[in-house]
Protein chains: 2
Amino acid sequence: MNIKTFDYQTLLGVENLDPNLEVINDYLVTVFNDILTIEESELKRSKFHDLSIKEMHTINAVGMYKKKTSSEVAKELSITVGTLTVAINNLVKKGYVERIRSEDDRRVVKLGLTKKGKLLYRVHQHFHREMVKAVLNNMDQDEGQALLKALENLHDFLQLYK
Amino acid sequence: MNIKTFDYQTLLGVENLDPNLEVINDYLVTVFNDILTIEESELKRSKFHDLSIKEMHTINAVGMYKKKTSSEVAKELSITVGTLTVAINNLVKKGYVERIRSEDDRRVVKLGLTKKGKLLYRVHQHFHREMVKAVLNNMDQDEGQALLKALENLHDFLQLYK
DNA sequence: AGATATAGTTTGAACATCAAAACATTTGAT
DNA sequence: ATCAAATGTTTTGATGTTCAAACTATATCT
């Protein structure tokens with residue numbers, strides 16, 4: 001690299017010259033948007049076309065197994081409890097979620113999936129599994145570990161802002 | 001692995017027993033949500049607190065360099081042109097974007113960033129760069145290549161649904 | 001010139017979101 | 001035992017996002 005090139009880059013604020021950096025960033029941005037829009041359009045195409053991707057994510061956060069409270073689910077989704085209440089109202093109306101007042105503490109509402117909600121949960125989980133399988137498809141053990149390392153790094157980086 | 005375990009897993013529809021698969025999926029879901037909420041809250045904390053993360057992404061899609069048309073930007077964001085018109089109205093009002101009627105074809109609107117819009121673009125780009133740098137931080141050349149391969153796989157998988 | 005196609009805008013309806021107020025219940029203090 | 005404070009949830013009003021469909025303006029085709 002000659003000094004002229006270096007100065008030019010410095011002036012533009014391009015600190016890191018690794019070409020992979022830009023490529024990886026572009027992939028991240030594209031893939032990010034694609035996942036959202038594809039999940040949305042696949043949902044519309046399925047028998048669950050009365051749901052948006054946000055509603056799907058709410059159902060995902062409610063989860064199959066342990067019944068969670070409204071507060072727990074809202075926190076997991078990073079929305080206010082008020083917003084969640086509205087969302088759950090719609091999902092109850094549509095038959096995916098049920099509310100159960102806790103007997104221990106009658107202020108608390110436990111959320112659970114109906115049979116229909118559980119069916120959807122499994123379908124969505126299947127899509128995710130296929131996606132991750134496709135990612136790992138032609139990758140060996142070491143490459144898989146590298147991906148995991150990258151995800152851990154990204155996760156740790158994001159925690160700094162929480 | 002014994003047969004009992006295998007049967008149990010098969011019955012549950014858990015086709016792939018790679019433990020990494022679940023871990024990677026969980027990281028993806030978490031990281032995905034975190035990026036959105038952190039970008040939003042960082043924006044609110046910055047001098048650009050009059051913008052939502054969706055508006056930020058619109059500005060990103062408008063881009064710094066080549067002026068794009070409304071149709072092109074809408075397609076890139078996977079929203080309708082009508083939705084974009086509304087969004088651009090607000091961004092023009094807030095001083096981030098400008099509309100220029102094309103002289104070649106007076107039906108066409110070219111979109112560009114104002115000085116303020118370009119400043120924001122750079123700030124956001126900087127955040128992204130830092131994020132990718134953090135990801136690659138402790139990774140060697142081979143590991144970086146593995147990440148790239150994973151992203152390519154994911155991208156190719158998503159294209160199947162387009 | 002008139003019909004058709006293309007680019008963008010407007011409008012009305014549904015949902016998402018937050019902050020703040022309201023409500024119900026539990027916990028803590030006296 | 002009572003009352004105040006804390007906690008968990010819901011309601012409400014305001015603003016933003018999104019789509020589909022109707023509409024406007026301009027270009028292209030025959």
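Here is the naming used below: chain letters follow the sequence lines, and residue numbers restart at 1 for every chain.
- Positionally, the nearest nucleotide of DNA chain C for B:R99 lies more toward the 5' end than for the other of A:G82 and B:R99.
- Look at CD1 on A:I79: it is 12 Å from P on C:dA19, rounded to the nearest Å.
- Here A:S71 reaches the OP1 or OP2 of D:dT9: one of its side-chain N or O atoms lies under 4.0 Å away.
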Scoring nucleotides 25-30 of chain D by protein non-hydrogen atoms under 4.0 Å (B base, S sugar-phosphate only, - none) yields BBS---

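- Atoms CD (A:E40) and C1' (C:dC15) sit 11 Å apart, rounded to a whole Å.
- For D:dC19, the OP1/OP2 oxygens have a side-chain nitrogen or oxygen of B:T83 closer than 4.0 Å.
- Applying the 4.0 Å criterion to OP1 and OP2 of C:dC18, one finds that B:K44 has every side-chain N and O outside that range.
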I'd like to know whether B:Q125 forms a side chain to side chain contact (heavy atoms under 4.5 Å, CB included) with A:N25, so could you lay out the CA-CA distance, the side-chain angles of the two residues, the decisive distance to 0.1 Å, and finally the verdict. CA-CA 9 Å; B:Q125 192 173 238; A:N25 189 40; 5.5 Å; no

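- Listed nucleotides: D:dC19, D:dT12, D:dT10. Nearest to the side chain of A:V86: D:dT12.
- Under 4.0 angstrom from either OP1 or OP2 of C:dT17 there lies at least one side-chain N or O belonging to A:K54.
- Atom CG in B:D50 sits about 10 Å away from atom P in D:dG16, given to the nearest Å.
- Here the OG1-CG distance, from B:T37 to A:L77, works out to 10.5 Å after rounding to the nearest 0.5 Å.
- For the OP1/OP2 pair of D:dT17 and a distance below 4.0 Å, the side-chain nitrogens and oxygens of B:S52 include at least one atom meeting the criterion.
- Atom NZ of B:K54 and atom CD1 of B:I79 lie 9.0 Å apart (nearest 0.5 Å).
- Residue B:R101 holds its CZ atom at 9.5 Å from CG of B:D105, rounded to the nearest 0.5 Å.
- The side chain of A:T80 places no N or O atom within less than 4.0 Å of a non-bridging phosphate oxygen (OP1 or OP2) of C:dA19.
- In this structure, OG1 in A:T69 is found 7.5 Å from CG in A:L111, a value given to the nearest 0.5 Å.
- Side-chain N/O atoms of A:N90 include none lying less than 4.0 angstrom from OP1 or OP2 on C:dA14.
- Linking Ile, Leu, Val, Met, Phe, Trp and Tyr whenever their side-chain heavy atoms come within less than 4.5 Å puts B:L154 and A:F32 in one cluster.
- Between the CG atom of A:L51 and the P atom of D:dT18 there is a distance of 18 Å, rounded to whole Å.
- Distance A:E72 CD to D:dT7 P: 16 Å, rounded to the nearest Å.
- Whole-Å rounding puts the B:K94 NZ to D:dT17 C1' distance at 12 Å.
- You'll find that the side chain of B:V108 is closest to C:dG8, out of D:dT9, C:dG8, C:dC18.
- Ring orientation note: the planes of B:Y27 and A:H155 are nearly perpendicular, at an angle over 60° on the 30°/60° scale.
- Here the nucleotide nearest the side chain of A:T85, chosen from D:dT9, C:dT9, C:dT17, is D:dT9.
- Side-chain contact between B:K67 and B:I100: present, with at least one pair of heavy atoms (C-beta onward) separated by less than 4.5 Å.
- Side-chain proximity of B:E55 to D:dT17, D:dT18, C:dT17: nearest is D:dT17.
- Summarising the geometry, the separation between CG on B:L36 and P on C:dT17 is reported as 10 Å, rounded to the nearest angstrom.
- Rounded to an integer number of Å, the gap from CG of B:N89 to P of D:dG16 is 12 Å.
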